[in-house]
Amino acid sequence: MKTAICPGSFDPITLGHLNIIRRVSRMFDEVVVCVMRNASKSSGMFSMEERCEMVRRSVARFPNVRVESPEGLLAEYVKSFESAVVVKGMRAASDFDYEFQMDLINKKINPQMETLFLPSSEKYTFLSSSIVREMARYGADLTGFVPDEIKTDIEKKALLWRGK
Ligand code: PNS
């Protein structure tokens with residue numbers, strides 16, 4: 001069985017993430033979306049539990065996609081599969097340095113681990129979770145940026161942030 005692991009912090013999941021997950025789900029038998037902590041990002045908008053729940057709702061239509069939230073290092077988690085590759089979306093050259101460094105670090109921990117980079121759809125190269133958080137903070141319409149299933153969650157959280 002060919003398994004792909006799509007890791008990310010998903011705070012929150014965007015249509016760019018979903019586009020990558022959908023395309024990966026057509027290429028692999030099974031896709032495990034891993035909601036994980038990124039130590040270089042601060043506490044963020046949503047708790048890990050909230051992020052997982054929103055990702056689960058967003059990918060519910062894909063029968064071969066499941067969501068996990070492993071603690072610890074991605075490279076260690078990958079060891080729990082007989083053979084699995086990690087797939088990450090690549091939006092622009094600016095993503096490359098970081099992803100390349102991550103791959104080198106992950107390989108030091110788990111030399112068997114392979115990471116594939118999938119170019120993002122042109123439609124979503126501009127999109128990131130941080131852009132979505134910024135838009136939500138100012139009450140902008142998130143249609144076309146995040147899955148419809150989670151729009152209200154973000155709007156509600158943004159209202160809390162704004163103290164309304
Ligand atoms: O969506 P992101 O923030 O680019 O995803 C980064 C993520 C969560 C995949 C990365 O930070 C990660 O793998 N976190 C788990 C801990 C880990 O393995 N860190 C990298 C080696 S130190």
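All residue numbers in this chain count up from 1 along the given sequence. Atoms within each ligand, like the ligands themselves, are counted from 1 in listed order.
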(message) Out of P7, G89, A75, G8, who is nearest to atom 5 (O) of ligand 1 when you count heavy atoms only?
(response)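 Going through P7, G89, A75, G8 one by one, G8 has the nearest heavy atom to atom 5 (O) of ligand 1.
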Students should be able to answer this: which protein heavy-atom is nearest to [atom], and at what distance?
atom                    : result
atom 18 (O) of ligand 1 : L74 N, 2.8 Å
atom 4 (O) of ligand 1  : K88 NZ, 3.5 Å
atom 1 (O) of ligand 1  : S9 N, 3.0 Å
atom 14 (N) of ligand 1 : R37 O, 2.9 Å
atom 20 (C) of ligand 1 : M102 SD, 3.8 Å
atom 17 (C) of ligand 1 : L73 CD2, 3.7 Å
atom 16 (C) of ligand 1 : G72 O, 3.6 Å

(message) Regarding R56 and E53, does a basic nitrogen lie under 4.0 Å from an acidic carboxylate oxygen?
(response)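 No, R56 and E53 are not salt-bridged.
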(message) Do I150 and P12 make a side-chain contact, defined as non-hydrogen atoms from C-beta onward lying under 4.5 Å apart?
(response)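 In contact.
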(request) Assess whether atom CZ of F126 is packed by more than 12 heavy atoms of other residues, nucleotides or ligands within 6.0 Å. (result)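 Atom CZ in F126 is crowded, with more than 12 foreign heavy atoms closer than 6.0 Å.
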(message) Just checking K107: does its NZ atom have more than 12 heavy atoms from other residues, nucleotides or ligands closer to it than 6.0 angstrom?
(response)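 Count over threshold, so yes.
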(message) For T143 and D141, which I'm curious about, is there any donor-acceptor pair between the side chains at under 3.5 Å?
(response)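 Checked: T143/D141 side chains pair up, N/O donor to acceptor below 3.5 Å.
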(message) Checking E149 against S58: is there a side-chain donor and acceptor pair closer than 3.5 Å?
(response)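 Result is no, nothing qualifies.
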(request) Give the numbers and elements of all ligand 1 atoms closer than 4.0 Å to a heavy atom of N38. (result)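 Counting atoms of ligand 1 from 1, those under 4.0 Å from N38 are 2 (P), 3 (O), 6 (C), 11 (O).
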(message) Using salt bridge (Lys or Arg N to Asp or Glu O under 4.0 Å), reason through D153 and R57 one step at a time and then give a plain yes or no.
(response) CA-CA 11 Å; D153 303 67; R57 254 187 286 142; 2.8 Å; yes
(request) Flag E99 as yes when one of its N or O atoms lies below 3.5 Å from any N or O atom of ligand 1, and as no otherwise. (result)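 In fact, backbone or side chain, E99 has no N or O that close.
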